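The block underneath contains the structure these notes are about, expressed in structure tokens.
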Amino acid sequence: QVQLVESGGGLVQAGGSLRLSCAAGDRSFTWSHMAWLRQAPGKEREFVAMITKNGEVTYADPVKGRFTISRDAAGNTAYVYLQMNNLKPEDTAVYYCAADFMSMDTSRFNFWGQGTQVTVSS
């Protein structure tokens, strides 16, 4: 089964930057919708950003102007990235990569990563 593997999380001070990466071990994911979601302690998982198979991007309001989603492919692997700038303590969460070939509704996405922790200190 194809796995999505996130990396790039860590601890950063407020105002700093991180770049998350997600590797999908099948180049066919180049033609999928891919997204980043996050879940803070005690909160529901929430949408962060999406890039469709056609390259259209959408962002949640709290991250607009600070986060940038992009995608790439190399060899047999498709990648989606999340560049996070001007990080705030409220961005602290576990960040998940997700994908689907059909739906743009992230609640219906079929492929998920295990998550990577992002912690922003004040």
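Model, not experiment: these values are computed from the prediction.
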**Report entry** salt bridge (Lys or Arg N to Asp or Glu O under 4.0 Å): pairs with one or both residues in residues 100-109, sequence neighbours excluded
**Finding:** none
Query raised in the report: Can you name the residues that form a salt bridge (charged side-chain N to carboxylate O under 4.0 Å, His left out) with R66, not counting sequence neighbours?
Result: D91
Query raised in the report: With S28, which residues qualify under side chain to side chain donor-acceptor pair (under 3.5 Å), at least two apart?
Result: D26
Query raised in the report: disulfide (SG to SG under 2.5 Å): which pairs involve residues 43-95, sequence neighbours left out?
Result: none
**Report entry** Pairs flagged by disulfide (SG to SG under 2.5 Å) wherever residues 31-89 is involved - sequence neighbours left out
**Finding:** none
Query raised in the report: What residues, two or more places apart in sequence or in another chain, satisfy side chain to side chain contact (heavy atoms under 4.5 Å, CB included) together with N76?
Result: none
Requested in this report: Find the distance between CZ (R19) and OG1 (T68) and round it off to the nearest 0.5 Å.
Outcome: 10.5 Å
Query raised in the report: Under the 3.5 angstrom rule, does the side chain of E6 hit a backbone N or O of Q114 as a donor-acceptor pair?
Result: yes
Run the side-chain donor-acceptor check on residues 78-90: report pairs under 3.5 Å with partners two or more places apart or on a different chain.
unit_1 : atom_1 : unit_2 : atom_2 : d
Q83    : NE2    : N85    : OD1    : 2.9
N85    : OD1    : S17    : OG     : 2.9

Query - Same apolar cluster: F101 and L4, side chain cutoff 4.5 Å - result: yes
Report summary line: Across all chains, not counting sequence neighbours, the side chain to side chain donor-acceptor pair (under 3.5 Å) partners of S122 are none
**Report entry** For Q117 against A93, the heavy-atom pair lying closest together
**Finding:** NE2-O, 3.4 Å
Counting only pairs under 3.5 Å, give me each side-chain donor-acceptor contact of residues 46-60, with atom names and distances, residues two or more places apart or in other chains.
unit_1 : atom_1 : unit_2 : atom_2 : d
E46    : OE2    : R38    : NE     : 2.6
E46    : OE2    : R38    : NH2    : 3.1
T52    : OG1    : N54    : N      : 3.2
T52    : OG1    : G55    : N      : 3.3
T52    : OG1    : E56    : N      : 3.1
Y59    : OH     : I69    : N      : 3.0

Query raised in the report: Residues two or more places apart in sequence or in another chain: which of them pass side chain to side chain contact (heavy atoms under 4.5 Å, CB included) with R45?
Result: L37, Q39, Y96, W112
Query raised in the report: Should V118 and L18 count as side-chain neighbours, where that means a heavy-atom distance under 4.5 Å?
Result: yes
Query raised in the report: Which heavy atom of S103 sits nearest a heavy atom of H33, and at what distance?
Result: O-CD2, 3.3 Å
Query raised in the report: Of all residues at least two apart in sequence or in a different chain, which pass the side chain to side chain donor-acceptor pair (under 3.5 Å) check with K64?
Result: D61
Query raised in the report: Between the main-chain N or O of A23 and the side-chain N or O of T77, is there a donor-acceptor pair closer than 3.5 Å?
Result: no
Query raised in the report: Do the side chains of V94 and V63 join up, straight or via other hydrophobic residues, at under 4.5 Å, putting them in one cluster?
Result: no
Query raised in the report: If you look only at pairs with a residue in residues 65-122, which of them pass as a disulfide (SG to SG under 2.5 Å), with sequence neighbours excluded?
Result: C22-C97
Query raised in the report: What is the ring orientation for F29 with F111, classed by angle as parallel under 30°, tilted 30 to 60°, or perpendicular over 60°?
Result: perpendicular
Query - Note, S70 side chain near M34 side chain (heavy atom, < 4.5 Å) - result: no
Query - Check: T116 side chain, G9 main-chain N or O, donor-acceptor pair, under 3.5 Å - result: yes
